[in-house]
Amino acid sequence: MGKKKAENAASAEVIEILKAKLDARNLEKLLALGNPAMHRFVAEAVALCQPESVFVCTDDPADIAYVRGQAVARKEETPLVTEGHTVHFDGYNDQGRDPGATKYLAPPGVVFSPRINHVGKEEGLVEVRERMKDTMKGRQALVRFFCLGPTESEFAISCVQVTDSFYVGHSEDLLYRQGYEQFRRLGDKPDFFRLLHSCGETVDGVSKHHDKKCIRIDLEENTVYSVNTQYAGNTVGLKKLSLRLSINKASREGWLSEHMLLMGVNGPKGRVTYLAGAFPSACGKTSTAMIPGERIVGDDLAFLRIMGGQCRAANVEHGIFGIIQDVKAASDPLIWDVLTKPGEVIFSNVLVSDGTPYWLGDGRMAPASGVNFSGSWQTGKKDAAGEEIPHAHKNARYTISLSKLGNYDAACDNPRGVALEGVIYGGRDSDTCVAVEEAFDWVHGTVTKGATLESETTAAVIGKQGVRTFDLMSNLQFLSVPPGRYIARHLEFGAKLKSPPRIFSVNYFLKGPDGKYLSGMLDKKVWVQWIERRLHGEVEVIQTPTGQIPLYDDLAKLFRECRKEEFTKEKYVELFSVRCVKLLEKIERIMKIYRSETDVPEAVFKTLEAQGERIAALQAKKGDVVSPLEL
Ligand code: SPV
Ligand code: MN
């Protein structure tokens with residue numbers, strides 16, 4: 001058979017499958033996009049999962065409203081008393097991203113790092129298809145189109161999502177830019193991400209077979225499969241599932257796909273300076289992006305590209321799936337406002353009592369009973385292991401559209417993104433790195449701030465909490481290329497720029513000898529304002545073996561201006577002392593990791609060795625812990 005004939009035959013088969021499940025109107029919406037590769041993907045999904053029917057959602061508000069209505073009609077979401085608010089619950093054992101259940105499909109002959117969870121492609125595909133077989137029987141499936149990055153821009157990546165969860169579809173609708181029209185512009189090109197999700201069998205609305213949760217990523221086909229889970233980090237395909245595909249695509253095409261916030265910092269005289277920030281999950285990324293008085297462009301994912309010789313960055317998303325724990329009226333006024341006023345909000349895994357949501361650390365008295373992620377709940381309720389169940393989960397979340405926030409920066413929608421001047425790396429580190437520090441240059445920053453990032457684990461990921469873990473640029477869990485190649489791409493990216501963004505580290509989690517945090521929740525504002533001044537050459541620095549730290553006087557002034565607080569010299573010394581022993585231990589830990597990886601750029605070892613020598617020299621001269629006043 002000739003190629004054309006074979007294609008026609010394939011498409012006749014595809015149409016036949018689609019016709020069996022889609023009514024005329026839905027079929028028309030799908031075929032109108034004229035993309036045979038997309039039609040084939042949807043047909044294969046339908047043939048595998050066997051939904052009763054299929055709803056194709058366009059960018060038409062009536063279609064979108066149908067999806068929202070179905071999320072409630074199907075009891076995946078329940079309306080709360082405040083208009084526009086709903087709550088969704090995930091299963092008791094399905095409360096975070098699950099790296100153990102998430103694997104890349106490794107084609108024959110392709111070597112993956114042992115740090116990247118993977119399985120042979122053939123075996124993995126058989127397994128996931130087996131688990132997805134017939135899972136949508138008796139239910140309607142949903143097909144949605146979205147765009148990663150601003151539409152009609154160099155950043156844009158088209159995505160098609162097939163799911164049997166209208167909560168997933170509704171969440172994506174708040175979190176991403178509509179992509180039906182973007183898909184139309186794509187024409188017949190196969191260049192898009194494919195996302196297939198099914199909750200699997202459910203009992204009382206939650207996935208029954210969570211022990212058979214299975215997430216598989218096929219880099220060759222730009223496809224992700226996810227089954228027997230509902231938690232958004234495992235199911236909202238455009239978030240961390242697409243991130244895995246886009247890191248790979250970026251690595252092939254010479255741009256960067258990062259787990260980073262984007263924000264505009266308001267400097268003096270109306271100046272706005274844009275920063276990106278990489279922080280592992282639940283380490284202050286969203287609260288940094290929402291610092292009162294600054295501008296939020298994005299809180300989780302950013303694409304970085306070189307345009308006209310400049311580094312430009314765009315928010316991949318258009319909404320927030322944010323941690324709700326500790327959101328209080330006083331410390332988080334912006335988000336508090338959105339979460340307590342009428343408007344579209346999906347709460348997940350909070351406590352609901354009398355139609356009102358409550359969460360851990362909300363500054364209110366929690367009711368003694370209600371409904372939470374364990375079902376009907378009352379104070380003192382214990383789980384099967386005898387553990388007391390808190391009123392809400394630590395990883396309970398809210399989902400909103402970004403434009404709801406009072407400090408939303410419309411630059412988010414600029415097809416050219418924003419001009420990026422600084423990149424910040426920060427982890428949950430109680431005892432090693434200083435509060436804020438500038439790297440010497442792009443290579444030094446990439447290696448010693450980004451490639452050495454460590455953090456103590458949190459409830460955002462299933463598993464033990466509080467364990468210090470290596471997390472390369474806060475992206476390790478999503479890496480779809482070997483760590484060495486990923487770092488090399490960062491180095492190459494910076495080398496192509498005449499003035500690459502300058503790199504900083506922050507540490508919000510440093511603790512004193514009494515075990516208490518040394519800085520307050522809102523001190524972040526001072527660190528970003530200092531970075532802003534530094535980028536414009538308005539403050540000087542002190543050189544340390546690990547970078548360049550602020551002068552006491554500059555911080556004292558900023559604390560007075562931004563926090564209306566006195567910043568003592570004692571606090572400065574605690575926050576900026578060079579902890580030589582801890583820093584050397586960290587270098588040793590990180591070197592060991594890179595020695596066990598292949599193709600790590602020589603610059604990594606050289607830069608770390610040189611840093612180790614500088615620290616050791618200071619230690620020999622001035623002792624194990626050196627005050628910034630002695631530098
Ligand atoms: C994170 O945990 O980093 C998140 C939420 O942004 S999730 O969608 O679970 O990845
Ligand atoms: Mn994240």
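When a ligand or atom number is given, it counts from 1 through the structure's own listing order. These numbers come from a predicted model, not from an experiment.
- Between Phe347 and His88, the ring center distance fails the sub-6.0 Å criterion.
- With ring centers used as reference points, Tyr594 lies under 6.0 Å from Phe470.
- The residues lining ligand 1, counting any heavy atom closer than 4.0 Å, are Arg97, Tyr231, Gly233, Lys239, Lys240, His259, Ser281, Asp300, Phe321, Arg397, Ala460.
- Ring pair Tyr231/Phe321 is tilted by interplanar angle, where 30° to 60° counts as tilted.
- For the pair Arg177 (side chain) and Glu317 (backbone), a donor-acceptor distance under 3.5 Å is present.
- Under the 6.0 Å cut-off for aromatic ring centres, Tyr425 and Phe504 do not qualify, their centroids lying 6.0 Å or more apart.
- Remark: Arg397 fails to qualify as a cation-pi partner of Trp359 under the 6.0 Å distance and 45° angle criteria applied to the six-membered ring.
- Outside the 6.0 Å centre-distance limit, the rings of Tyr180 and Phe146 are not counted as a close aromatic pair.
- Here the protein contributes Lys240 NZ, His259 NE2, Asp300 OD1 as N, O or S atoms under 2.8 Å from the Mn ion (ligand 2).
- Less than 6.0 angstrom separates the ring centroid of Trp255 from the ring centroid of Phe303.
- In this structure, Glu77 does not pair ionically with Arg68, as no charged nitrogen and carboxylate oxygen lie closer than 4.0 Å.
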